Every structure is written in C-alpha cells, then in structure tokens.
Amino acid sequence: MSLNEKLQADMKEAMIAKDEMRLSTIRFLLSDLNYLKIEKQRELTDEDVLGAIEKQVKRHRESIEGFEKGGRAEMAEKEKAELAILQTYLPAQMSEEDIRKAVGEAIASSGASSIQEMGKVMAALSSLKGKADMSVVSSIVKEKLS
C-alpha cells in the first residue's frame with residue numbers, strides 16, 4: 001500500500017470515527033498532494049508524498065513557534081495536535097547521536113576540513129533525507145567543520 005493510499009484510507013477512518021482534527025489535517029495534506037501532482041504532471045511517488053509531509057511538518061513547527069511568541073497558546077496547541085498527526089506518516093527519525101556519527105563518517109570520507117567544503121559533506125549526507133531533520137544535520141555539520 002502506497003503512502004497516498006494509506007492517507008486515503010486513514011481519511012475514511014477519520015470520517016467514520018468523526019475525528020475532526022485528524023480528518024481536517026489529512027484533507028489539507030491530500031489537497032497539497034493534489035496540487036503537487038498537478039505541478040509535477042505525474043503520479044506521486046512515496047518520496048514525493050514524504051517531501052510534502054516534511055514541508056507541512058516544518059510549516060507547523062514554524063507556526064507553533066510564532067503562536068507561542070505571540071501568546072496564542074490555544075492556536076499553538078491546535079498546531080501541535082496537527083503536527084503529531086502528520087508525524088505518524090514520517091519514518092522514525094534518527095537520534096542526534098546517530099546523526100553526529102553519520103556526520104563524522106561523511107566528513108572523514110569526503111576529506112572536508114573547513115566550512116567552505118560543507119557542500120561536499122551535505123551531498124554525502126543526502127541519504128538521511130526523510131530519516132533526519134536536515135536543519136539539525138546542517139547545524140551539526142557546521143559545528144564540526146568550524
């Protein structure tokens with residue numbers, strides 16, 4: 001079962017269970033996926049779907065931060081609930097320790113020694129996409145190369 005099919009099935013389950021939060025979150029995601037499908041002019045792969053979910057997760061994290069800074073706790077809670085639903089569709093994320101180990105290996109294999117060579121290291125770490133938050137990976141690479 002593809003990720004897109006799983007989302008469709010989960011939307012039906014949410015309708016039957018009358019779970020409004022889950023239903024609206026999945027509908028919004030499926031809407032994004034439809035736009036992406038039209039943009040790419042082809043059927044979406046699981047990788048495309050994961051990319052769209054990651055974008056929404058990032059958007060929700062930014063919204064939570066903004067709402068908390070603005071003193072809108074009720075809106076931040078709503079965003080956190082939606083974020084939790086979206087994260088169920090992402091693969092398990094790597095721990096910071098595992099990311100640090102992968103970064104160390106990538107730096108050693110690429111021979112990078114300065115921050116100017118960060119691109120080489122990030123290219124070697126592209127396989128972590130979907131398994132780790134790439135902004136965390138980037139900050140660890142900067143830290144190790146500085």
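It should be emphasised that the depicted structure is a prediction, and the values quoted were computed from it without experimental measurement. Along the sequence shown, the residues carry numbers beginning at 1.
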Got a list of side-chain donor-acceptor pairs under 3.5 Å for residues 61-74, not counting sequence neighbours?
unit_1, atom_1, unit_2, atom_2, d
Ser63, OG, Arg59, O, 3.0
Glu65, OE2, Lys69, NZ, 3.4
Glu68, OE2, Lys80, NZ, 2.9
Arg72, NE, Glu74, OE2, 3.2

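- To the nearest 0.5 angstrom, Ile99 atom CD1 is 13.0 Å from Lys101 atom NZ.
- Proximity of a side-chain donor or acceptor of Ser138 to a complementary backbone N or O of Met134 within less than 3.5 Å is not detected.
- Residue Val57 is grouped with residue Leu3 when hydrophobic side chains (ILVMFWY) are merged at heavy-atom distances under 4.5 angstrom, including chains of intermediate members.
- Here OG of Ser139 is found 7.5 Å from CD of Glu96. Values are rounded to the nearest 0.5 Å.
- Taken from CZ in Phe28 to CG in Leu86, the straight-line distance is 9.5 Å, to the nearest 0.5 Å.
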Stepwise side chain to side chain contact (heavy atoms under 4.5 Å, CB included) check, Val137 with Met122: CA-CA 8 Å; Val137 173; Met122 290 304 290; 4.2 Å; yes

Would you tabulate the side-chain donor-acceptor contacts of residues 12-23 under 3.5 Å, counting partners in other chains and residues two or more places apart, or write 'none'?
unit_1, atom_1, unit_2, atom_2, d
Asp19, OD1, Arg22, N, 3.3
Arg22, NH2, Tyr89, OH, 3.3

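- Partners of Thr45 under the side-chain contact (heavy atoms from CB on, under 4.5 Å) rule, at least two apart in sequence or in another chain, are Arg42, Glu47, Asp48.
- Rounded to the nearest 0.5 Å, atoms OG1 (Thr25) and NZ (Lys78) are 7.0 Å apart.
- With sequence neighbours left out, the side-chain hydrogen bond (donor to acceptor under 3.5 Å, both in side chains) criterion links Gln41 to no other residue.
- At a threshold of 4.5 Å between side-chain heavy atoms, the hydrophobic network of Ile, Leu, Val, Met, Phe, Trp and Tyr places Val121 and Met94 in one connected group.
- By the 4.5 Å heavy-atom criterion applied to side chains, Asn4 and Leu30 are counted as neighbours.
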Verdict with supporting geometry, Lys37 and Leu33, side chain to side chain contact (heavy atoms under 4.5 Å, CB included): CA-CA 6 Å; Lys37 181 179 174 183; Leu33 293 175; over 6 Å; no

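- To the nearest 0.5 Å, the span separating CG on Asp46 from CD on Glu5 amounts to 8.5 Å.
- Side-chain contact between Arg27 and Ser24: absent, with no pair of heavy atoms (C-beta onward) separated by less than 4.5 Å.
- A search for side-chain contact (heavy atoms from CB on, under 4.5 Å) contacts involving Ala124 returns Ala106, not counting sequence neighbours.
- Closest approach of Ile26 to Leu7, counting heavy atoms only: CG2-O, 3.6 Å.
- Contact between Glu117 and Leu145 at its shortest, heavy atoms only, is C-CD1, 4.5 Å.
- Looking at every heavy atom in both residues, Val103 comes nearest to Leu125 through CG2-CD1, 3.7 Å.
- Expressed to the nearest 0.5 Å, how far CG of Leu44 lies from CG of Leu36 amounts to 5.0 Å.
- Checked by atom type, the side-chain pair Ser95/Glu97 shows no donor-acceptor distance below 3.5 Å.
- Glu143 meets the side-chain contact (heavy atoms from CB on, under 4.5 Å) test with Arg100; sequence neighbours excluded.
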